[in-house]
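Note sheet for the following structure.
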Amino acid sequence: MIDVRLLRNEPHLVKAALARRGKPELLVQLDTAISLDEQVRDITARRDTIRARVNELSKLVGTARRNGDNDEAEKLQAESRSLGDDEKSLAESFETAQGQLRDVMLRLPNLPHPDAPDGASDHDNPLVIGPNQMPASFTEHQRMPHWEIADALGILDNERAVKLSGAMFTMQRGAGAMLSRALCQYALDMNADAFEEIRPPSLVTTATLTATGQLPKFAEDAYAIERDDLWCIPTAEAPLTSMYAGEVLDDAQLPLRLMAYSSCYRREAGSAGRDTRGMLRAHEFDKVEIFALSTPETADELLIELRDRAERLIAGLGLPYRIIEICTGDMGQSHHRSFDIEVYAPGCDNWLEVSSVSWFSDYQGRRADIRYRKTGEKGTHIANTLNGSALAVPRVWAAIMENFREADGSVIIPEVLRPYMRGMDRISPRG
RNA sequence: GGAACGGUGGCAGAGCGGACAAAUGCAUCCGCCUUGAAAGCGGAAGGCUCAAAAGGCCCGGGGGUUCGAAUCCCUCCCGUUCCGCCA
């Protein structure tokens with residue numbers, strides 16, 4: 001959520017920043033928010049004046065009763081009662097206006113960072129790093145899509161996954177299943193030097209999913225367990241971000257670094273029919289997420305740290321990759337500044353987004369009410385949040401298939417994964 | 001799922017219709033003492049809202065009773081313990 005005070009005091013700044021996202025309807029919403037805020041403050045002022053008088057009268061009633069002056073007390077009580085109705089109706093208008101304001105504010109996206117590149121769509125995302133580790137050319141046997149490679153190796157059984165759960169569910173078996181698990185283990189081990197490992201719940205409350213920005217606007221994209229009012233997490237970002245919701249931390253505890261392996265659940269409501277084959281888009285997938293909670297002062301360094309860590313994982317696997325920065329027109333709702341790591345998959349002949357690393361400024365921190373206190377200072381500040389996929393399994397899995405396929409149809413396992421693969425150095429066709 | 005007991009400031013914990021934003025302890029900050037520190041002594045200090053003062057709001061959430069609610073009533077949520085069920 002954007003700071004209402006900023007909206008109030010510097011509306012032109014907020015307008016200018018949001019305009020960079022290139023969506024005119026946002027500016028209309030912004031005006032609605034501004035006028036609702038004015039309403040709320042006007043009602044508050046009038047309500048509080050009445051409340052002050054009621055409080056004052058109540059004290060006088062107490063005094064009068066104690067002094068045995070019952071006539072005076074009756075008189076004061078009558079006055080107080082008559083104010084009660086006005087107070088009640090003002091309180092109701094306040095609730096209404098406040099609720100409307102909150103709803104608009106929750107749906108407004110974050111302001112882009114001043115250094116975030118301008119642009120209208122993903123075509124305008126500038127290249128920041130790479131392409132690195134790109135071979136001069138690809139051989140013919142690398143030009144096979146991973147689902148065909150995996151099928152030939154007997155390590156992907158999406159037909160049966162569909163039988164179990166329906167379209168867009170995947171199932172790996174044998175060395176394929178082991179490879180998924182190895183990728184997670186690798187990602188966790190490579191970040192264990194600075195990140196505390198968390199195994200969070202996969203089902204979370206509405207409040208938790210609202211804090212990160214998935215709700216209320218993107219309810220269609222998430223799986224809901226309606227009977228129990230719970231949601232399946234689309235990413236471990238949700239539980240990690242809300243771990244400290246409603247708490248006040250000491251600044252000495254910051255930055256706080258957490259990482260988590262989890263399954264992620266996405267309805268993919270807007271992309272039915274896209275990437276239906278193989279592993280590129282599924283309703284359920286595994287991911288290792290890295291997360292940091294910080295002061296605004298250190299957030300920009302942390303963003304680069306998280307990005308470097310994600311890059312190091314991909315580089316370590318020997319895959320061809322590049323890093324792009326997300327432009328204002330392509331940025332996610334909660335993002336302040338954001339980078340994507342893409343891996344080239346020769347079989348699909350596509351750059352696959354395998355990691356997204358973002359800084360949310362205080363947008364999520366305000367929604368989650370995560371605050372910190374500076375040592376020796378009065379008052380509290382809203383914490384900044386950052387996160388990134390350290391490693392999203394399916395697309396990396398697919399890229400390994402397509403990049404490391406040999407002429408004989410076998411796939412070489414990257415060296416860094418072999419310790420997690422019981423020493424296996426390649427996946428060969430069965431029999 | 002059933003029963004009992006709970007939910008109060010950063011933490012622990014009193015208060016159980018009016019003088020309560022709320023005792024006390026720990027932690028924090030500032031003095032004094034000390035070469036320095038600890039201990040001791042004295043003092044300061046909750047959060048949110050408002051440009052600020054005044055004012056208002058906050059004792060798990062919501063609703064009610066009352067002139068007045070942390071305190072009484074209803075309801076929901078959460079926790080602990082016991083029982084039931086169960087990887």
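Chain letters run A, B, ... following the sequence lines, proteins first, then strands; residues in each count from 1. Note that the structure is a prediction, hence the values are computed from the model and not measured.
- More than 12 heavy atoms of other shown residues, nucleotides or ligands fall within 6.0 angstrom of atom CZ in A/R426.
- Across all strands shown, the partner of B/C41 is B/G31, judged by Watson-Crick or G-U wobble contacts whose two distances both fall under 3.5 Å.
- Put simply, CG on A/N67 is 15 Å from P on B/A19, counting in whole angstrom units.
- The separation of B/A4 from B/C57, taken at their P atoms, amounts to 35 Å, rounded to a whole angstrom.
- Separating the CD1 atom of A/I50 from the P atom of B/C67 is a distance of 17 Å, rounded to the nearest angstrom.
- For the pair A/E38 CD and B/U49 P, the interatomic distance rounds to 19 Å; values are reported in whole Å.
- Of the two residues near RNA chain B, A/K59 and A/D37, the one whose nearest nucleotide lies more 5' is A/K59.
- Shown here is A/R102, whose CZ atom has no more than 12 heavy atoms of other residues, nucleotides or ligands within 6.0 Å.
- B/A45 and B/A21 have their C1' atoms separated by 13 Å, with the value rounded to a whole Å.
- For the side-chain contact (heavy atoms from CB on, under 4.5 Å) with A/N403, the qualifying choice from A/V411, A/I412, A/L319 is A/L319, the only one to do so.
- Here the CE-CG distance, from A/M178 to A/L183, works out to 11.5 Å after rounding to the nearest 0.5 Å.
- A close approach under 4.0 Å does not occur between any side-chain nitrogen or oxygen of A/S80 and OP1 or OP2 of B/G68.
- B/A51 atom C1' lies 12 Å from atom CD of A/E10, rounded to whole Å.
- With P as the reference atom, B/A3 and B/G18 are 32 Å apart, rounded to whole Å.
- Distance noted for atom C1' between B/C86 and B/G61: 31 Å (whole Å).
- Between the side chain of A/N110 and the backbone N or O of A/S334 there is at least one donor-acceptor pair closer than 3.5 Å.
- The pair A/R5-A/E10 does not count as a salt bridge, with every side-chain nitrogen at least 4.0 angstrom from each carboxylate oxygen.
- Spacing between atom CZ of A/R5 and atom C1' of B/A52 amounts to 14 Å, rounded to whole angstrom units.
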Could you list all N or O pairs between the protein and nucleotides 9-12 of chain B that sit under 3.5 Å apart?
none

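- Around CZ of A/R422, the count of heavy atoms belonging to other residues, nucleotides or ligands within 6.0 Å does not exceed 12.
- Pair check for B/A21 finds none; no Watson-Crick or G-U wobble contact set falls under 3.5 Å.
- Atom pair A/L83:CG and B/G68:C1' shows a separation of 13 Å (rounding to whole Å applied).
- Base pairing annotation: B/C86 forms no Watson-Crick or G-U wobble pair, as no partner gives both donor-acceptor distances under 3.5 Å.
- Rounded to an integer number of Å, the gap from CG of A/D69 to C1' of B/C67 is 15 Å.
- A/R266 pairs in a side-chain contact (heavy atoms from CB on, under 4.5 Å) with only one of the listed residues (A/D221, A/T235, A/I233), which is A/T235.
- A/A182 approaches A/L417 most closely through the heavy-atom pair O-CD2, 3.9 Å.
- Figure legend. B/U80 is base-paired to B/A4; pairs are counted as Watson-Crick or G-U wobble with both atom distances under 3.5 Å.
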Could you write out each protein N or O paired with an N or O of nucleotides 54-61 of chain B at a distance under 3.5 Å?
| residue | atom | partner | partner atom | Å |
| --- | --- | --- | --- | --- |
| B/G55 | N2 | A/D48 | OD2 | 3.1 |
| B/G56 | OP1 | A/N55 | ND2 | 3.1 |
| B/G56 | O2' | A/D48 | OD1 | 2.7 |
| B/G56 | O2' | A/D48 | OD2 | 3.4 |

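- When the P atom is used for both B/G17 and B/A70, the distance is 13 Å, rounded to whole Å.
- Residues A/W359 and A/H113 bring their aromatic ring centres within 6.0 Å.
- The shortest heavy-atom contact between A/L386 and A/S294 is CD1-OG, 3.9 Å.
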Do nucleotides 73-79 of chain B as a string where each nucleotide becomes B, S or -: B if the base has a protein heavy atom under 4.0 Å, S if just the sugar-phosphate does, - if no protein is that close. -------
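- For the C1' atoms, the distance from B/G46 to B/U24 is 16 Å, rounded to whole Å.
- Annotation for A/A19 and A/L27: closest pair N-CD2, 4.2 Å, computed over non-hydrogen atoms.
- Nucleotides B/U66 and B/C73 are separated by 16 Å at their P atoms, to the nearest Å.
- For B/A22 and B/C16, the C1' atoms lie 13 Å apart once the distance is rounded to whole Å.
- Per the geometry, CD belonging to A/E79 stands 14 Å off C1' belonging to B/G68, to the nearest Å.
- The heavy-atom pair separating A/L26 from A/L108 by the smallest distance is O-CD2, 4.0 Å.
- Each of B/C67, B/C48, B/G64 was ranked by its minimum atom distance to the side chain of A/T380; first place goes to B/C48.
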